[in-house]
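Down below is the structure, laid out as structure tokens.
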Number of protein chains: 4
Amino acid sequence: MTAGGTRTGGQEPDNGTALFARPVKPRSIKVHEAAVNATRDLLAEGGLPAATIDAIAARSGVSKATLYKHWPSRTAVAAEAFGRDMADAVPASDTGTTAGDLAEQVLLVSRFYASPEGTVFSQLLAATVTDEGGAAYFRAWFLAGRRKAIAAIWQRGTERGDVRPGVDADTAIDLLFGPLIYRLLTGHLPLTDEAATAVADAALHGLLTTTPKD
Amino acid sequence: MTAGGTRTGGQEPDNGTALFARPVKPRSIKVHEAAVNATRDLLAEGGLPAATIDAIAARSGVSKATLYKHWPSRTAVAAEAFGRDMADAVPASDTGTTAGDLAEQVLLVSRFYASPEGTVFSQLLAATVTDEGGAAYFRAWFLAGRRKAIAAIWQRGTERGDVRPGVDADTAIDLLFGPLIYRLLTGHLPLTDEAATAVADAALHGLLTTTPKD
Amino acid sequence: MTAGGTRTGGQEPDNGTALFARPVKPRSIKVHEAAVNATRDLLAEGGLPAATIDAIAARSGVSKATLYKHWPSRTAVAAEAFGRDMADAVPASDTGTTAGDLAEQVLLVSRFYASPEGTVFSQLLAATVTDEGGAAYFRAWFLAGRRKAIAAIWQRGTERGDVRPGVDADTAIDLLFGPLIYRLLTGHLPLTDEAATAVADAALHGLLTTTPKD
Amino acid sequence: MTAGGTRTGGQEPDNGTALFARPVKPRSIKVHEAAVNATRDLLAEGGLPAATIDAIAARSGVSKATLYKHWPSRTAVAAEAFGRDMADAVPASDTGTTAGDLAEQVLLVSRFYASPEGTVFSQLLAATVTDEGGAAYFRAWFLAGRRKAIAAIWQRGTERGDVRPGVDADTAIDLLFGPLIYRLLTGHLPLTDEAATAVADAALHGLLTTTPKD
DNA sequence: GGATAATCGAGACGGTACGTCCAGTCTTTGG
DNA sequence: CCAAAGACTGGACGTACCGTCTCGATTATCC
């Protein structure tokens with residue numbers, strides 16, 4: 001068991017594998033939910049900096065000690081809270097073509113990153129760097145779902161023969177969305193629709209004039 | 001003036017624009033250097049968490065107040081200290097071909113990210129998310145130099161006609177290195193040579209079978 | 001009913017009056033004993049600080065809720081556990097003279113206070129200051145027995161005509177042992193045999209040169 | 001250096017020896033005073049339990065970190081705060097006779113112990129049992145002063161030839177005041193004027209009918 | 001002998017305080 | 001006049017323990 005060893009209560013993260021522990025003794029789902037909801041509100045209001053453990057405890061009525069029994073760190077709580085609704089934040093695409101689907105996803109994700117939620121996302125991502133416990137939750141509650149959605153498109157593309165053989169889904173996903181994360185984090189350039197489109201186009205068709213020899 | 005309004009002392013960051021203020025009164029270069037050197041050592045020993053303001057002050061003999069006259073935040077000091085030597089950390093490439101140069105750069109950067117310095121890099125990047133002052137330093141002392149180096153390769157490629165027209169350098173750079181940053185930060189997959197090669201290949205030749213129509 | 005209103009199970013404290021309530025419904029003696037024994041061990045190992053409610057519960061297998069049905073507070077459990085064997089810790093004296101008996105008791109008690117058990121005693125005494133419920137148990141299980149033993153000597157002395165008329169047992173006991181407690185608690189001076197002897201002598205014969213006129 | 005290694009600011013404790021460190025760099029007296037005053041108020045209002053570190057910090061405006069630089073523990077702050085005015089709480093006695101002076105002191109101290117301040121005193125005394133750092137402050141700021149005052153009376157008595165030779169001041173003090181502390185802490189009997197008088201009388205003239213043979 | 005009721009183990013929970021850590025500001029002192 | 005030294009506030013951290021409470025799973029008497 002990777003992320004925590006504690007129950008999660010209620011809905012499970014989109015993590016394919018049975019990442020989170022089974023409830024041996026049902027720890028109050030109410031408590032878990034209260035904490036998550038309070039955290040979500042705090043994130044919406046003031047981003048990750050506002051979601052301190054004390055604030056979460058105060059707003060949710062869940063004591064700090066209990067929070068630490070449910071999650072390994074405040075980042076983990078925030079990751080779960082933030083990841084809950086994000087499944088729907090970026091809807092799936094079905095434009096009829098693989099290229100279209102992927103390009104649209106890049107555009108939608110870019111817009112998401114450019115939105116206030118994107119700020120929270122970057123704060124969360126940053127927080128996981130020095131918090132391995134939180135990182136597991138972040139991957140489980142956020143990344144995994146998103147990557148799975150894209151992997152599905154990629155799989156469809158493979159079956160259709162649209163995608164280059166030899167390129168696996170992970171590489172494709174990294175290539176399409178890594179650039180957005182790069183911009184989001186360093187802020188060296190803005191996350192505009194044009195930039196997103198350009199990135200998607202470049203990723204799909206390559207940077208060079210030469211055709212791959214394979 | 002964005003990053004600080006303070007002198008930087010000694011060597012200038014590779015930031016193209018006149019980002020940093022002119023030394024109106026020469027504030028001790030010795031002090032500046034001492035702080036940077038101490039910080040570099042601390043980063044090497046314990047990463048960004050070790051480079052607290054108190055630690056920097058103690059080790060360098062520079063008082064905290066003085067540090068804040070030279071830099072807007074601790075992240076800024078660390079960014080400068082870390083960026084100093086990083087210019088040489090990834091040597092330029094000249095394989096004879098644009099594709100080769102770019103692929104090699106991706107590989108080298110991937111290895112750098114996978115190294116202990118890569119950890120510091122990610123910590124620094126994470127820190128800039130909630131520290132705009134530090135972010136400016138980070139971009140100036142680290143990113144700008146790297147991007148400039150790749151831009152030069154790209155420019156050469158453009159002149160040689162190796163690269164697809166309509167793709168600007170920024171897009172290309174983001175596409176090539178964004179995926180590495182993505183992996184570095186989320187840790188969803190390891191930063192192996194194979195992954196780097198795969199990313200570079202995919203970026204250069206595109207994800208799809210179809211040829212761009214433009 | 002002062003100390004708890006709960007049954008005590010097993011052996012009764014040396015409290016003269018019917019201090020502790022009658023069992024309306026028999027509460028397991030086994031449970032009571034288990035808790036007391038576990039607590040005694042914990043006290044021996046780490047003093048009162050080690051005898052937390054959780055530790056007692058864990059070691060004895062008695063749940064916290066049950067502990068609180070048997071005792072009003074953790075101090076009360078500890079007081080009973082500690083008082084159990086302490087009856088024998090300081091044997092009675094019979095030197096043949098009242099002065100000898102009292103002096104010997106002072107010496108023995110001083111040694112007891114100076115021993116590791118003395119530390120626990122002082123911790124317990126300290127704990128009762130902010131725990132009235134525990135205080136009742138402390139008096140019942142510890143003090144009462146000790147005072148009764150001395151009172152017996154005093155009574156014998158009265159009958160023999162050894163002791164000054166008008167001095168009641170309580171005053172005598174306080175005078176003889178108060179100084180030891182004073183030292184034990186404040187630690188301003190060590191609890192040596194010499195000090196104990198000096199105290200006993202001074203108490204028995206008075207501080208002044210003048211003879212009481214009564 | 002025993003108690004803290006930190007400066008105390010303002011007035012010095014009555015501790016004879018140079019117990020407290022010399023200020024290498026003057027730490028703000030204002031801060032020290034503010035903390036002490038706030039603590040005194042809190043003690044008066046709610047006793048030691050009310051004088052939590054957070055409460056002291058909040059009321060005094062001195063941050064917790066600073067408090068811990070000035071004192072080793074909350075008990076230490078409270079001891080100093082409480083001890084400040086206690087010098088005057090029990091005035092010196094001068095009845096003309098040694099016996100009178102001592103008896104009066106016992107009575108006054110008994111009344112002090114029986115007062116609300118006495119409760120605080122006992123809480124403080126209890127707290128020092130598990131807080132050696134605080135104990136040093138308690139001895140320095142409270143006990144030392146009181147003992148010194150009695151020792152002066154004793155010295156006078158020695159010079160007058162009123163007191164039994166061979167009884168040192170420490171023994172005398174312990175004998176006179178230990179009984180009061182005993183009662184204060186265990187509460188086995190109330191601290192009445194009669195009891196105090198009886199104790200003083202017994203201490204001064206001895207418990208036995210026999211005259212000391214020395 | 002089964003119903004009724006309490007006891008009990010297990011341990012989650014809220015609450016309160018703790019003592020620590022670090023950032024960034026402000027003050028004092030010395031050269 | 002500037003810089004070193006470092007005191008100071010503020011705020012969050014994660015921990016510890018208390019005493020209460022809610023579960024079911026035993027008992028154990030009483031009808």
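These numbers come from the heavy atoms of this one structure, side chains and all, not from hydrogens, waters or symmetry mates. So you know, we letter chains A, B, ... as the sequences are listed, proteins then strands, and number each from 1.
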Separation of dC8(E) C1' from Trp71(C) CH2 (nearest whole Å):
14 Å

Figure out the CD1/P separation between Ile29(C) and dT7(E), and round it to whole Å.
15 Å

Does Arg74(D) place a side-chain N or O at less than 4.0 Å from the phosphate oxygens OP1/OP2 of dC18(E)?
yes

Partners passing side chain to side chain donor-acceptor pair (under 3.5 Å) against Ser122(A) (at least two apart in sequence or in another chain):
none

Just how far, in rounded Å, is C1' of dT7(E) from CG of Leu67(C)?
13 Å

Should Ser28(D) be listed as having a side-chain N or O under 4.0 Å from OP1 or OP2 of dC8(F)?
yes

Take His32(C) and Glu80(C) through the test side-chain hydrogen bond (donor to acceptor under 3.5 Å, both in side chains) and record every step on the way to the result.
CA-CA 11 Å; His32(C) 199 101; Glu80(C) 179 172 337; 2.9 Å; yes

Pairing residues for Thr130(B) by the side-chain contact (heavy atoms from CB on, under 4.5 Å) criterion, not counting sequence neighbours
Gln123(A)

Return the value, rounded to whole Å, for the distance between atom NZ of Lys69(C) and atom P of dG19(F).
16 Å

Heavy-atom nearest nucleotide on DNA chain E taken for Thr75(B) and for Val31(C); more 5' hit belongs to Val31(C)

Separation of Lys30(A) atom NZ from dG14(E) atom P, in whole Å?
10 Å

Looking at Thr66(B), does any N or O in its side chain come under 4.0 Å of the phosphate oxygens OP1/OP2 on dA4(F)?
yes

Heavy atoms within less than 4.0 Å of DNA chain E: which residues of residues 38-63 of chain C have one? Give them sorted by number.
Gly61(C), Val62(C), Ser63(C)

Can you name the side chain to side chain donor-acceptor pair (under 3.5 Å) partners of Thr128(B), sequence neighbours left out?
none

List the atom pairs, donor and acceptor, that lie under 3.5 Å between side-chain atoms in residues 44-59 of chain B and the rest of the protein, sequence neighbours left out.
{"residue": "Glu45(B)", "atom": "OE1", "partner": "Arg59(B)", "partner atom": "NH2", "Å": "3.0"}
{"residue": "Glu45(B)", "atom": "OE2", "partner": "Arg59(B)", "partner atom": "NH1", "Å": "2.8"}
{"residue": "Thr52(B)", "atom": "OG1", "partner": "Ala55(B)", "partner atom": "N", "Å": "3.0"}
{"residue": "Asp54(B)", "atom": "OD1", "partner": "Lys64(B)", "partner atom": "NZ", "Å": "3.3"}

Interatomic distance where OH belongs to Tyr68(A) and P belongs to dG15(E) [whole Å]
17 Å

Whichever of Lys64(D) and Ala65(A) has the more 5' nearest nucleotide on DNA chain E, that residue is Ala65(A)

Quick check on the 6.0 Å ring-centre criterion: do Phe138(C) and Phe121(C) meet it?
yes

Using a cut-off of less than 4.0 Å, is there contact between a side-chain N or O of His70(D) and OP1 or OP2 of dC8(F)?
yes

Side chain to side chain donor-acceptor pair (under 3.5 Å) filter on Asp41(B), not counting sequence neighbours, yields none

